[in-house]
Amino acid sequence: MYNCALLKFKDIASHDGHLSSIEEKIDVPFKIKRVYYITGVGQEAERGFHAHKKLQQVLICLNGSIKIRIKNPIEEETVQLNNPATGLYIGPLVWHEMFDFTKESVLLVVASEHYAEEDYLRDYNHYLNESKPFFG
Ligand code: T46
């Protein structure tokens, strides 16, 4: 789907557990300026409901499972993240909604830019207007 991709990270497994690493410009296609994580989300809660103008991010579910609905004016898909060695790349102008967080789920996000509220498109009609030139 436009500006989205599933990324596989190395998974170094031993009888003592798993280790994955994420290196900028190698495992993710950008320089990492920010890392944040989301925890303690109730099972009925829904987050996101926005797109970004410039920000690139990779979402990784470190524990439990989370669903992400990704959409643009012409396509829509739902991705379930439940593997710490898998990341969902989300580039600019992708509307995303996170839901069905399981109890104890942990969402880690690596991002290409510092936090900037002006980069958010939080109103869906505004998003449709901004993205029109890209989707015809
Ligand atoms: C995204 C999805 C996947 C900060 O102060 N610094 C930060 O780095 C972030 C990410 C958020 N905030 C503040 C902004 C809001 O006052 O934390 C509050 C909650 O943010 P928001 O409602 O945007 O959270 P989500 O879970 O809807 O979205 C977050 C990211 O904000 C967003 O970029 O793509 O996770």
Side-chain angles (χ1 to χ4, degrees):
M1 197 174 132
Y2 174 82
N3 266 352
C4 293
L6 274 178
L7 308 180
K8 287 303 281 178
F9 307 125
K10 62 173 89 72
D11 177 359
I12 302 169
S14 74
H15 58 276
D16 292 323
H18 293 255
L19 186 152
S20 293
S21 66
I22 299 172
E23 295 187 41
E24 61 181 14
K25 303 281 261 170
I26 297 174
D27 301 294
V28 296
F30 51 79
K31 283 184 76 94
I32 299 168
K33 285 200 183 157
R34 179 166 50 113
V35 173
Y36 62 91
Y37 36 89
I38 296 173
T39 58
V41 181
Q43 278 166 295
E44 301 303 314
E46 300 193 327
R47 304 187 62 114
F49 293 86
H50 59 250
H52 287 280
K53 296 176 193 168
K54 285 198 190 144
L55 188 69
Q56 301 180 72
Q57 307 191 96
V58 175
L59 283 59
I60 304 135
C61 181
L62 294 184
N63 190 50
S65 143
I66 296 164
K67 288 187 186 146
I68 327 261
R69 191 178 299 114
I70 42 180
K71 60 182 180 178
N72 62 48
I74 54 175
E75 300 167 286
E76 177 173 330
E77 208 176 295
T78 296
V79 175
Q80 183 166 26
L81 292 178
N82 55 14
N83 181 340
T86 300
L88 175 63
Y89 169 83
I90 300 182
L93 294 182
V94 176
W95 186 266
H96 50 283
E97 302 169 358
M98 295 110 77
F99 61 102
D100 272 1
F101 289 73
T102 58
K103 203 166 178 264
E104 315 276 310
S105 59
V106 175
L107 179 64
L108 175 75
V109 183
V110 294
S112 66
E113 304 297 334
H114 296 295
Y115 173 70
E117 187 55 40
E118 60 273 19
D119 187 66
Y120 286 73
L121 295 165
R122 291 192 185 270
D123 175 79
Y124 192 64
N125 287 326
H126 184 211
Y127 161 72
L128 289 178
N129 283 336
E130 291 286 312
S131 56
K132 230 180 236 160
F134 297 90
F135 298 98

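In listed order, ligands and their atoms are each counted from 1. These numbers come from the heavy atoms of this one structure, side chains and all, not from hydrogens, waters or symmetry mates.
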Closest protein heavy atom (residue, atom, distance) for atom 8 (O) of ligand 1: Arg34 NH1, 2.6 Å

Per-atom filter on ligand 1: closer than 4.0 angstrom to a heavy atom of His52 are 1 (C), 32 (C), 33 (O), 34 (O)

Would you say the side chain of Ser20 lies within less than 4.5 Å of the side chain of Lys10, judging by non-hydrogen atoms? no

Among all protein heavy atoms, pick the one closest to atom 22 (O) of ligand 1 and tell me residue, atom and distance. Arg122 NH1, 3.8 Å

Nearest non-hydrogen protein atom to atom 31 (O) of ligand 1, with distance, is Tyr120 OH, 2.6 Å

Quick check: His50 and ligand 1, any N/O pair under 3.5 Å apart? yes

Derivation and outcome, side chain to side chain contact (heavy atoms under 4.5 Å, CB included), residues Asn129 and Tyr127: CA-CA 5 Å; Asn129 283 336; Tyr127 161 72; over 6 Å; no

Relative to Tyr115, does Lys33 satisfy both conditions: NZ or CZ under 6.0 angstrom from the six-membered ring centre, and within 45 degrees of the ring's axis? no

Among side-chain atoms of Thr86 and Lys8, is any donor-acceptor pair under 3.5 angstrom? yes

Students should be able to answer this: which protein heavy-atom is nearest to atom 29 (C) of ligand 1, and at what distance? Tyr36 OH, 3.7 Å

Could you tell me whether Ile90 approaches ligand 1 through its side chain, its backbone, both or neither, with non-hydrogen atoms closer than 4.0 Å? neither

Whether Phe49 lies under 4.0 Å from ligand 1, heavy atom: no

Heavy atoms only: give me the nearest Leu128-Pro73 pair and the separation to one decimal. CD2-CG, 3.9 Å

Atom 16 (O) of ligand 1: nearest protein contact (heavy atom, Å): Tyr115 OH, 4.6 Å

Between Tyr2 and Phe135 (judged by ring centroids, cut-off 6.0 Å), do the two rings come close enough to count as a pair? yes

Provide, to 0.1 Å, the distance between atom 27 (O) of ligand 1 and the closest protein heavy atom, together with that atom's residue and name. Gly48 N, 2.8 Å

Which of the numbered atoms in ligand 1 are below 4.0 angstrom from a heavy atom of Ile38? 26 (O), 35 (O)

Answer yes or no: is there a donor N or O on one side and an acceptor on the other, between the side chain of Ser105 and the main chain of Ile66, under 3.5 Å? no

Looking only at heavy atoms, the pair that brings Cys4 and Ile70 closest together is SG-CD1, 3.8 Å

Does any N or O atom in Gln57 lie less than 3.5 angstrom from one in ligand 1, N or O only? yes

NZ or CZ of Arg122 within 45° of Phe49 ring axis and under 6.0 Å: no

If we only count N/O pairs under 3.5 Å, is Leu59 in contact with ligand 1? no

Between His114 and ligand 1, which part of the residue brings a heavy atom under 4.0 Å of the ligand: side chain, backbone, both or neither? neither

To check you understand the geometry: which heavy-atom pair defines the closest contact between Glu130 and Pro133, and what is its length? O-CD, 3.4 Å

Which heavy atom of the protein is the closest neighbour of atom 19 (C) of ligand 1, given with residue, atom name and distance? Arg47 NH2, 4.0 Å

